Every structure is written in structure tokens, then in C-alpha cells.
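In listed order, ligands and their atoms are each counted from 1. Bear in mind the structure is a predicted one, so any value in this text is a computation, not a measurement.
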Amino acid sequence: MKTARGFFKPLAIGAPAPLRDLPVRVERMIHFVPPHLDKVRAKVPEIAPTVDVILGNLEDAIPADAKDAARAGFIEMANATDFAGLGVGLWTRINCLNSPWHFDDVTQIVEGVGDRLDVMMVPKVEGPWDIHYMDQFLAVLEARHGLKKPIQLHAILETAEGVMNVEAIAGASPRMQGISLGPADLAASRQMKTTRVGGGHPFYKVIEDPRADGGPRVAAQQDIWHYTFAKMVDACAAHGIKPFYGPFGAIDDPEACEQQFRNAFLLGCAGAWSLHPSQIAIAKKVFSPDPAEIAFAKRILEAMPDGTGVAMLDGKMQDDATWKQAKVLVDCGRQIAARDPDLAAAYGL
Ligand SMILES: CCC(=O)SCCNC(=O)CCNC(=O)[C@H](O)C(C)(C)COP(=O)(O)OP(=O)(O)OC[C@H]1O[C@@H](n2cnc3c(N)ncnc32)[C@H](O)[C@@H]1OP(=O)(O)O
Ligand SMILES: O=CC(=O)O
Ligand SMILES: [Mg+2]
């Protein structure tokens, strides 16, 4: 483990100093683009203003024989649009550390995209050692190519070993921006018997005891992801980075997608991945607090201007703790309002 003083030192001579705080950014949806497809890449300038983050995906879902084309397509796409000017984050998901494409992904993207890249998403992170390696590798490349700001790292939590080490991963480097739950790879790693990409499963439930009258027994579906989610959210919150829900594969089931995203939002996540254009609006709706919640939160803040004491609002007790809860909502609303004039008006912020 690094010493307290060493933690924020650049890891290479000439590399930019590590960030002490996360940049303030709204990241309700991380929109995945397959950059090897000319047709989809051509749509990026049109999609960019509608999302918070555009991600060029180089890993799973990109065929092996299109990996070089995806990397080249991402570099072209990254330089063709001024994402920073639009207030849109530019991310890429690289291939995993032991893959034949990893080295070229990292070296060519740092050289070809440079300071335009905000975050590198690293799949299948098993422990802090993977982040330490990326930290050093990026520092050397940043120094060589004269980057002015450090590239941040986002880990996907998608192996059993990664879940076991999630706290250490979250705190492994000042580059850490956040962690996403990767339910597809995680299911495989854990030997879960499902082919779904996230969401619920109708067979994962509790059932009441047999009824004396032999009538049908009440059963309730449970959340198969809750344990991992809660563990990930706590690890991220404790280390001051952001948790995210990952992919929801049933593109044809927007209602279930909305519910999965909402569970993540309520538990503390900042956003989720959108795999298809139809999921962008779902994420925007869910990860922007309800104006009625913001209005009530504002009343709590006004009722206790210095954040202490006790108050009653509509029959509900408020005190220092609910003041903090209200501040979380209002701060989130304020960040979104700065980006979205319609929501600014709805929130009165
Ligand atoms: C499971 C674990 C993971 O790793 S998840 C992350 C990896 N997977 C991905 O990144 C998948 C990204 N999404 C896609 O490739 C496509 O959306 C998939 C799922 C294949 C569906 O595509 P398709 O059958 O073309 O859908 P569609 O006909 O309904 O498309 C309508 C129009 O929208 C376009 N589109 C589709 N997806 C995107 C996207 N991600 N970004 C931008 N545009 C997209 C389609 O090209 C289509 O356009 P047009 O109307 O034909 O001009
Ligand atoms: O990469 C995401 C996953 O679910 O696997
Ligand atoms: Mg995965």
C-alpha cells in the first residue's frame, strides 16, 4: 500500500498530477457505441448532445476480427466531435489485461485521443493489482504524449474475485472514477444458471408455507443482484467514487429496464449503461430525481437552515440526518440543472 504522501504523486516524470477530487460531472447514462460500424459511428454527432457520456466499446460485443477496426474507429470518432464542448464525457472500454488487444488499445488510444479522453473503463478487474498496473502504464504514456490531465479509470465488477476485492479496487488509485456492475460476466464467473443480462429472474423468490386449504401459495421475486450491488455501492461511497449499474440486455423490455435502473438509483448509483438508443431516455428519466422529491428536499433544507435540530414536515420528522439526505438530492438536482434547462425549471434550481 502507498504511503499517504505518496498516493497523490505522479507515477512518471512528466505525467500530470493525480486528481485529488472527482471532477463534478453528470453521468446518468454511459452510452455504448460499437465504433467499428461506420453506420453507427456516423450517428455519434447526432447522439452526443442527448447523452451525458459516449463510450467507444472495444471489448465484448466486438468480434475478434473487428478489434483493430473498432480501435481505429474510436480514435476517429473521438477526434471528429468536440465532446468536451458539448459537456459530454468521452470514455472507452478497453480489452481486458490478458487479451491480445489490450496493449494496442491502451498505447494507441492515449497517443491518438490524448486529453480528449476522460475515462478508460477496464473490464474484469480482479483486484487492486490490476488498477496499480493500469495506473503506472497510463502515467508512462501520459508523460510520453504530453497529456495535461490524468485519464481516469472505471472498473467493471464482473468476476467473483473482483467482488471479493471490491473495497481494495475502489481505493487502489486516485485515478478511480467509479465501478459498474457487470451482471453478464459476473453470472458466468459465479456459475449462476441464467442467460439474462441483468434484471430480475422469476425463479429467484421466496414462497410462503403450504396453506391449510391447499390454496395457491404467495411467492415474491427477490433481487438476485442486491448483495453485490450493496457491497459495490458501499465500497464506492467509502472511497469517494461513483457506483453505476451496467448493462440491461432485454432491449425489448423497457419497463424492466426502468425498474432495474431505478433500483440502482435508489441504492446510490449515479447512472447506468445504455446499450441501445431507446435506453438513453430511460436512464435520463430514472437518474434525474423527481421534481416533487427535489421540492420536498428543498423544504427540509429551508426548515433547518444550519442543518441541525428537528422539524415536522407533513407529518414526517426531520433532523440533521434527513437534512443530509435532502442535501444529496438537491446537490444532485443542482448538477443536473446546470446541464438541463428543462429540469432546472422543473427543480427551480
Ligand atoms: C452483456 C455484457 C456487455 O458487455 S454489454 C456491452 C456490450 N454490448 C454493446 O455494446 C451493444 C451495443 N448495442 C448494439 O450493438 C445494438 O444496439 C444491438 C443491441 C446489437 C441492437 O442493434 P440493432 O438490432 O441494430 O437495433 P435496432 O435495429 O433497434 O437499432 C435502431 C437504430 O439504432 C442504431 N443503434 C443501435 N444501437 C446503437 C447504439 N448503441 N448506438 C447508436 N446507434 C445504435 C441502429 O444502427 C439502427 O439505426 P438505423 O435506424 O438502422 O439507422
Ligand atoms: O460487461 C458487462 C457484463 O455484464 O459482463
Ligand atoms: Mg462483461
Side-chain angles (χ1 to χ4, degrees), residues 29-64 66-67 69-71 73-74 77 80-81 83 88 90-99 101-102 105 119-126 130 154-163 166 178-192 194-201 224-225 228-229 232 243-254 257 260-261 264 269 271-284:
M29 74 297 292
I30 302 162
H31 184 68
F32 271 58
V33 170
H36 59 302
L37 301 178
D38 297 346
K39 188 181 100 168
V40 180
R41 224 174 46 245
K43 289 188 165 184
V44 166
E46 182 192 321
I47 289 178
T50 70
V51 301
D52 296 333
V53 175
I54 280 273
L55 177 145
N57 177 34
L58 310 183
E59 200 225 9
D60 294 356
I62 306 299
K67 293 288 189 186
R71 190 187 309 119
F74 174 67
M77 170 187 132
T81 299
F83 295 99
V88 172
L90 179 65
W91 297 23
T92 185
R93 177 169 83 166
I94 57 168
N95 284 285
C96 61
L97 275 49
N98 59 0
S99 75
W101 309 288
H102 172 78
D105 285 351
V119 177
M120 210 171 250
M121 181 183 274
V122 187
K124 300 171 182 65
V125 173
E126 304 270 31
D130 289 339
H154 182 108
I156 312 182
L157 192 62
E158 53 181 353
T159 67
E161 193 175 351
V163 175
V166 65
I179 301 181
S180 286
L181 177 71
D185 270 302
L186 183 55
S189 166
R190 278 181 176 159
Q191 310 283 304
M192 288 167 70
T194 166
T195 54
R196 297 177 177 220
V197 176
H201 198 295
I224 209 161
W225 302 111
T228 317
F229 239 133
M232 180 185 86
F244 292 78
Y245 178 70
F248 189 83
I251 311 290
D252 61 354
D253 192 351
C257 178
Q260 177 67 77
F261 285 6
C269 288
W273 303 0
S274 50
L275 302 183
H276 186 273
S278 62
Q279 294 183 334
I280 295 171
I282 302 174
K284 194 172 193 170

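At a heavy-atom distance under 4.0 Å, only side-chain atoms of W273, from C-beta outward, approach ligand 2. Contacts between Q279 and ligand 1 below 4.0 angstrom, taking non-hydrogen atoms only, are absent altogether. Residue-level proximity to ligand 2 for P123 is absent, since no heavy atom of it falls below 4.0 angstrom. In E59, neither the side chain nor the backbone holds a heavy atom less than 4.0 Å from any atom of ligand 1. At a 4.0 Å heavy-atom cut-off, ligand 2 touches R93 through the side chain alone. The backbone and the side chain of L275 each have at least one atom closer than 4.0 Å to an atom of ligand 1 (non-hydrogen atoms only). For L37, no heavy-atom contact with ligand 1 is shorter than 4.0 Å.
For ligand 2 and E158, the ligand atoms under 4.0 Å from any heavy atom of the residue are 1 (O), 2 (C), 3 (C), 5 (O). Under a 4.0 Å criterion applied to the non-hydrogen atoms of A184, ligand 1 contributes the atoms 1 (C), 2 (C). Of all atoms in ligand 1, numbered sequentially from 1 with element shown, those under 4.0 Å from a heavy atom of P277 are 33 (O), 35 (N), 36 (C), 37 (N), 38 (C), 39 (C), 43 (N), 44 (C). Near D60, with a cut-off below 4.0 Å to any heavy atom, the atoms of ligand 1 are 7 (C). Within ligand 1, the atoms closer than 4.0 Å to a non-hydrogen atom of I47 are 42 (C), 43 (N), numbered from 1 in the order shown. For ligand 1, the atoms closer than 4.0 angstrom to any heavy atom of A61 are 7 (C), 8 (N), 9 (C). Within the listing of ligand 2, atoms 3 (C), 4 (O), 5 (O) sit less than 4.0 angstrom from a heavy atom of D185. Annotation for ligand 2: atoms under 4.0 Å from non-hydrogen atoms of A184 are 3 (C), 4 (O), 5 (O). Interface of K43 with ligand 1, defined as ligand atoms under 4.0 Å from a residue heavy atom, comprises 32 (C), 33 (O), 34 (C), 47 (C), 48 (O), 49 (P), 50 (O), 52 (O). Of all atoms in ligand 1, listed by their number and element, those nearer than 4.0 Å to a heavy atom of N57 are 7 (C), 10 (O). Close contacts between ligand 1 and V40 involve ligand atoms 41 (N), 42 (C), 43 (N), 46 (O) [criterion: under 4.0 Å to a heavy atom].
Looking at D60 and K124, a side-chain N of the basic residue comes within less than 4.0 Å of a carboxylate O on the acidic one, giving a salt bridge.
Side-chain atoms of L157 and T228, non-hydrogen and from C-beta on, do get closer than 4.5 Å to each other. A 4.5 Å side-chain heavy-atom check between L97 and V122 finds at least one atom pair inside the cut-off. Contact of the P123 side chain with the E158 side chain is registered, since non-hydrogen atoms from C-beta on lie closer than 4.5 Å. Side-chain atoms of P243 and I179, non-hydrogen and from C-beta on, never get closer than 4.5 Å to each other.
The structure places NE2 of H201 at 6.5 Å from CD1 of I224, a figure rounded to the nearest 0.5 Å. To the nearest 0.5 angstrom, Y245 atom OH is 12.5 Å from I30 atom CD1. Note that the CE atom of M77 and the NZ atom of K43 stand 14.0 Å from one another [nearest 0.5 Å]. Taken to the nearest 0.5 Å, the CD1 atom of I54 stands 8.5 Å off from the CG atom of L90. Considering NE2 of H154 and CE of M121, their distance stands at 4.0 Å, rounded to 0.5 Å. A distance of 13.0 Å separates CE of M120 from CH2 of W91, quoted to the nearest 0.5 Å.
Of the protein's heavy atoms, P247 CB, 3.6 Å lies nearest to atom 5 (S) of ligand 1. Atom 46 (O) of ligand 1 has its closest protein heavy atom at K39 CE, 3.4 Å. When hydrogens are left out, the protein atom nearest atom 30 (O) of ligand 1 is H276 NE2, 3.4 Å; that is the closest non-hydrogen contact. Here the heavy atom of the protein found nearest to atom 15 (O) of ligand 1 is P34 CG, 4.0 Å.
The closest approach between any non-hydrogen atom of P183 and ligand 2 is below 4.0 Å.
Under the 3.5 Å distance criterion, with hydrogens and angles disregarded, no donor-acceptor pair is assigned to the side chains of S180 and R93.
For atom 1 (C) of ligand 1, the protein comes within 4.0 Å by at least one heavy atom. Of the protein's heavy atoms, none falls inside 4.0 Å of atom 18 (C) of ligand 1. Distance remark: protein heavy atom present below 4.0 angstrom from atom 37 (N) of ligand 1. Atom 48 (O) of ligand 1 is approached by the protein to below 4.0 angstrom, counting heavy atoms only. Within a 4.0 Å radius of atom 13 (N) of ligand 1, the protein contributes one or more non-hydrogen atoms. Within a 4.0 Å radius of atom 24 (O) of ligand 1, the protein has no heavy atom.
Put simply, the side chain of H31 never gets that close to the backbone of V51: no donor and acceptor are under 3.5 Å apart. Remark: the backbone N or O of L58 is paired with a side-chain donor or acceptor of K67 at under 3.5 angstrom. Using a distance-only test at 3.5 Å, with no hydrogens or angles considered, a donor-acceptor pair links the side chain of W225 to the main chain of G199. Of the possible donor and acceptor atoms, none in the side chain of T81 sits under 3.5 Å from a partner among the backbone N and O of F83. At distances below 3.5 Å, at least one donor-acceptor pair connects side-chain atoms of T92 with backbone N or O atoms of G56. Although no hydrogens or angles enter the test, the distance criterion places no donor-acceptor pair under 3.5 Å between the side chain of E59 and the main chain of I94.
Considering backbone and side-chain N/O atoms, H31 comes within less than 3.5 Å of an N/O atom of ligand 1. Checked against a 3.5 angstrom limit, the closest N/O atoms of F32 and ligand 1 fall inside it.
Nearest to the Mg ion (ligand 3), among the N, O or S atoms that D185 has, is OD2.
Between A160 and L186, the closest heavy-atom pair is N-CD1, 3.8 Å.
At least one N, O or S atom of E158 sits under 2.8 Å from the Mg ion (ligand 3).
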